[in-house]
Amino acid sequence: MNEKINAIREEMAKVVIGQEKMIDGLLIGLLCEGHILIEGIPGLAKTTTVKALSSALGLRFKRVQFTPDLLPSDILGAEIYDPQKNEFKIKRGPVFTNLLLADEINRAPAKVQSALLEVMQEKQVTIGEESFKLSPPFFVMATQNPVEQEGVYQLPEAQLDRFMMKLVVGYNTKEEELEIARRISRGTSGKINAVVTPEELEMLKKQVSEVHMDEEVEKYMIELVSATRDPKAYGLEAIADYIQFGASPRVSIDMFKAVKAMAFLRGKDYVSPVDIAYIIKEVMRHRVILSYEAEAEGITADFIIDKIVEAVAIP
Amino acid sequence: MKKILGSLLLLTFGLWAKSSYEWKVDISEKELYLHQAATLFMECTFDEKGKNDDVNFSPPADIPFGFELLSETTHFEAGKKILQYRYVLFAKEAGAFELELSPRMLFTTQSAIDNVIIGRDNVNELEVQREIAKLEPIRLRVKQTASDITGKLNLQTRQDIQTASAYEPVHLEIEIEGEGNLHKLVPISFEIEGVKVFSDTPEIKIQLSEAGYRGKWIQRFAFVGKEDFIIPSVSLNYFDLVSKEEKILKSEASSIKIASEGIKREELIDQVNLPSTRIELKDYLAYFYYLLSFIFGFVAAKLLKFPQRTAKKQKGEKIKAAKSAKELLDVLIICEKNLFSFEIDTLESAVYKGSAVRLDEIKKSALLRL
């Protein structure tokens with residue numbers, strides 16, 4: 001695997017113990033310039049991991065804590081009157097950065113979440129009558145608490161679709177938790193150094209784009225996406241009623257990028273169905289809209305994806 | 001301010017509109033014996049304006065008479081509201097008394113009631129004008145008696161057998177029936193040498209009437225002995241209201257003959273213990289219920305565990321059945337990929353890069369992880 005990727009991992013390991021899947025997901029987002037949504041209960045190092053990544057990258061980093069009283073102008077910026085010059089000037093918000101950490105994004109109401117839509121998709125901000133292009137790279141890493149918790153809003157489907165991957169973070173193992181507790185009590189967490197320059201990051205992205213993907217594998221991915229829209233065509237009558245809307249074309253686009261990055265992280269220069277199997281849930285789980293029946297019966301998107309992977313023939 | 005003005009207006013209106021009333025009081029007996037009951041009749045008639053007015057009467061507590069409410073009614077006659085009360089008085093002390101009754105009269109108006117119902121001007125309480133009515137005193141004379149029980153009473157006894165075997169219970173029922181302060185009767189107890197006496201708590205079946213309490217007072221006994229014995233007579237001193245003199249109610253003594261020794265005492269004790277060891281049908285049903293619950297729980301646990309075992313077994317069979325590295329790789333991808341990451345990596349390079357792999361070893365390794 002690329003030395004730079006290893007260096008990033010080592011730097012992050014100074015403050016983050018375990019959570020390899022989350023780190024892999026963030027790296028994939030970094031290499032593909034895809035926005036990442038991280039979900040997990042409070043206290044699982046979501047914010048710490050994202051901050052560690054930004055520090056290791058040496059990129060401009062801004063953090064916005066989303067709260068119920070947050071306004072769109074709080075994140076985008078606003079026109080402010082300058083009495084000396086007798087004119088309005090633009091006060092840029094925290095989105096003018098490379099890596100934006102939207103912490104607890106689903107604590108903010110829908111209008112604030114929607115304000116991020118243009119930024120995430122177009123990578124530009126409109127304030128008043130002026131539009132500003134954000135300087136690349138720009139990607140959003142958002143953390144959210146599970147919807148079952150109090151005081152959180154469901155993110156709109158359109159916004160969810162803008163996130164390349166949704167990472168679900170679980171608890172650390174007992175051994176990892178012991179190490180975390182020891183390290184925190186001793187105060188021995190190390191300082192994170194920037195180990196990747198913007199030029200090196202561009203180089204890494206180029207390497208990822210050059211990973212070979214066979215046509216059979218490409219077709220396999222399309223079949224997987226298609227199976228979410230028409231499960232009966234793949235002999236999945238049992239789950240057909242559980243899906244309200246299948247995955248959007250953005251899933252195919254993001255999957256093509258993500259599997260290459262996955263293969264790259266696994267030290268390969270080609271994509272195989274194994275890479276797809278490793279990444280499919282993260283790319284698809286927040287974009288398959290489940291029906292009321294599924295929710296009533298406790299069926300999750302992950303379960304649906306498992307069934308689809310089982311049903312679609314592997315090339 | 002608005003509320004105060006409203007209240008003043010209502011009060012003025014209330015004073016102006018207050019109805020008149022008339023009380024009638026009567027008592028069934030003016031000369032009583034101690035503990036005797038008498039009926040006090042009270043009737044209040046309001047005029048036509050008093051349809052909303054009311055009476056609040058509580059019997060005085062500091063007089064030597066006990067009060068029990070027998071009935072309370074309200075009705076209208078020719079547009080006049082009439083309230084009637086009947087109380088039963090029990091004389092507690094001997095002597096001459098003047099009974100002064102002071103019911104509280106409550107006057108209100110329809111508009112005051114409406115104000116409460118609709119909550120006008122935040123009115124929370126009914127606007128009422130109160131007045132104490134002074135009734136004609138009732139003069140009573142209570143004569144002393146020697147006993148604590150007064151009334152018209154009869155005593156009856158019922159005994160089931162006259163001859164019994166040893167330790168066979170002889171049942172006796174003593175019943176005092178009639179009118180009077182039956183609720184004051186004290187339980188009877190027997191002391192007979194060599195005889196075990198079992199006694200129930202007295203059963204009192206009485207109800208309030210104009211003559212005091214009327215009904216029955218019953219106490220039941222069982223006598224268990226091994227030799228002949230005599231149930232002594234029971235006597236009750238009371239003041240009889242029919243003959244106006246002290247009387248004694250007395251039962252006959254009863255001689256019980258033990259015909260034979262019957263069963264021995266030890267055997268009787270064993271027999272007493274028998275019911276606790278005997279298993280009845282309901283016990284069998286309970287045991288059966290618990291057994292069934294246990295079996296059901298056991299089967300349910302097995303059934304719940306079964307799908308997990310089946311799924312694991314199916315995965316194992318799929319791994320064993322894989323004939324090629326590609327087939328095995330597909331199986332492992334669909335199974336828990338994180339569990340088989342080593343095997344998947346090895347098979348992946350074999351399938352897509354053509355590197356050598358020993359399928360049996362990979363299968364064995366995967367099965368061990370399962």
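To find a chain, count down the sequence lines: A is the first, B the second, and so on, and within it residues start at 1. Treat the numbers as computed from the prediction; the structure is a model and nothing was measured.
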What closest approach, in Å, do [X] and [Y] show between heavy atoms, and which atom pair accounts for it?
| X | Y | answer |
| --- | --- | --- |
| B:I333 | A:A277 | CG2-CB, 3.2 Å |
| B:E348 | A:V274 | OE2-CB, 3.5 Å |
| B:I344 | A:R266 | CG2-NH2, 4.5 Å |

In this structure, OG of A:S272 is separated from CG of B:L347 (nearest 0.5 Å) by 11.0 Å
[atom1] ([X]) with more than 12 external heavy atoms under 6.0 Å:
| X | atom1 | result |
| --- | --- | --- |
| A:R229 | CZ | yes |
| B:Q207 | CD | no |
| A:K205 | NZ | yes |
| A:E237 | CD | yes |
| B:F76 | CZ | yes |
| B:K326 | NZ | yes |

Trace of the side chain to side chain contact (heavy atoms under 4.5 Å, CB included) decision for B:Y352 with A:D214: CA-CA 11 Å; B:Y352 298 104; A:D214 194 83; over 6 Å; no
Which portion of B:L329 sits near chain A, non-hydrogen atoms under 4.5 angstrom: side chain
Less than 4.5 Å to any heavy atom of chain B: does that hold for the side chain of A:Y270, its backbone, both, or neither?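 Only the side chain of A:Y270 comes within 4.5 Å of chain B.
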